[in-house]
Trainee: 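Questions regarding the structure given below will be posed in turn.
A quick note: this is a predicted structure, and the numbers were derived from the prediction, not measured. Indexing begins at 1, ligand by ligand and atom by atom, following the structure's order. All values below were derived from every heavy atom in this structure, side-chain atoms included, with hydrogens, water molecules and symmetry-related copies excluded.
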Amino acid sequence: MPTATARSLAPPSDDKRWRQVEVRMRRLGHRPDGLIEVLHTVQELFGYLDEDALGYVSRSLGVPPSKVFGVATFYSHFMLKPQGLHTCVVCTGTACYINGARSLLAKLDEELGLKAGGTTPDGQLSLLQARCLGACSMAPAIVVDGQVHGRVTPGTVLALLEHL
Ligand code: FES
């Protein structure tokens, strides 16, 4: 059963395509197991999945943001913008921010010349930011190719990316 909260959520913009996404979610009963189908619908309509779209789908289906980012970055079919071979999402929500997310971003910029929203020149790695992955107890958290990592430090972030 769809919840009142799910039905009353506002889409990221007043773009009419969001109505089609809403219709799709309603047909699927706003159930968490409709996640992949809904992501397909969003990508078909918009061409890729950005942070606002993922956040909206997460809230609408009641699926934790970490899972939605995980699915969206795990399946190569889904396109985040811009698209590198591997994807690293750094959470900059409040808990992660005060626990060092900024130093993770600084380290990636310093060592790889990579800023949020960018891709390395060799197309290997895209860096994205999220507002909250729903893993605040593990702050600062990141998602690398669909896998959530917690209590990441500037030293361990590079180690995690070295193994891609
Ligand atoms: S603020 Fe980063 S996981 Fe919640």
Side-chain angles (χ1 to χ4, degrees), residues 2-13 18 21 25 30-36 38-39 42-43 46 48-76 78-120 124-164:
T3 64
T5 310
R7 283 196 303 266
S8 61
L9 284 168
S13 71
W18 287 114
V21 176
M25 289 198 285
H30 286 94
R31 289 195 321 270
D33 62 6
L35 175 61
I36 290 182
V38 172
L39 293 179
V42 175
Q43 181 159 296
F46 292 89
Y48 63 92
L49 305 167
D50 67 9
E51 188 189 334
D52 287 346
L54 294 175
Y56 172 60
V57 171
S58 161
R59 292 189 301 277
S60 299
L61 300 183
V63 178
S66 56
K67 172 110 191 266
V68 176
F69 273 93
V71 168
T73 53
F74 179 76
Y75 293 100
S76 56
F78 291 125
M79 308 268 276
L80 302 172
K81 193 185 165 187
Q83 185 69 11
L85 190 59
H86 300 284
T87 309
C88 174
V89 183
V90 174
C91 179
T92 52
T94 308
C96 291
Y97 193 81
I98 60 176
N99 281 289
R102 207 166 40 165
S103 64
L104 301 181
L105 292 172
K107 188 72 177 175
L108 294 173
D109 188 12
E110 190 183 304
E111 297 289 331
L112 306 175
L114 192 55
K115 294 190 192 310
T119 299
T120 50
Q124 284 293 307
L125 180 67
S126 286
L127 178 62
L128 300 160
Q129 273 181 197
R131 281 186 207 109
C132 178
L133 299 169
C136 307
S137 62
M138 298 161 67
I142 69 172
V143 178
V144 180
D145 285 348
Q147 275 239 260
V148 184
H149 301 272
R151 298 187 186 91
V152 182
T153 66
T156 57
V157 73
L158 288 178
L160 287 169
L161 299 174
E162 262 168 27
H163 296 297
L164 292 177

Trainee: List the residues meeting side chain to side chain contact (heavy atoms under 4.5 Å, CB included) with S13, not counting sequence neighbours, and say none if there are none.
Mentor: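 Applying side chain to side chain contact (heavy atoms under 4.5 Å, CB included) to S13 gives D15, W18.
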
Trainee: Between the side chain of S126 and the main-chain N/O of G84, is any donor-acceptor distance below 3.5 Å?
Mentor: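 Yes; judged by distance alone, with no hydrogens or angles, the pair exists.
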
Trainee: A side-chain contact here means heavy atoms from C-beta on lying under 4.5 Å apart; do L158 and K107 qualify?
Mentor: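 SC-SC contact between L158 and K107 confirmed.
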
Trainee: So which protein N/O/S atoms does atom 4 (Fe) of ligand 1 have within less than 2.8 Å?
Mentor: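 Counting only protein N, O or S atoms under 2.8 Å from atom 4 (Fe) of ligand 1, the list reads C132 SG, C136 SG.
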
Trainee: To the nearest 0.5 angstrom, please state how far the OG atom of S66 sits from the CE atom of M138.
Mentor: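 That separation rounds to 8.5 Å.
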
Trainee: Rounded to the nearest 0.5 Å, what's the gap from CG on L127 to NZ on K115? Could you check?
Mentor: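 Between atom CG of L127 and atom NZ of K115 there are 10.5 Å.
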
Trainee: How long is the straight-line distance from CZ of R59 back to CG of L9, given to the nearest 0.5 Å?
Mentor: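 Rounded to the nearest 0.5 Å, the CG-CZ separation comes out at 6.0 Å.
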
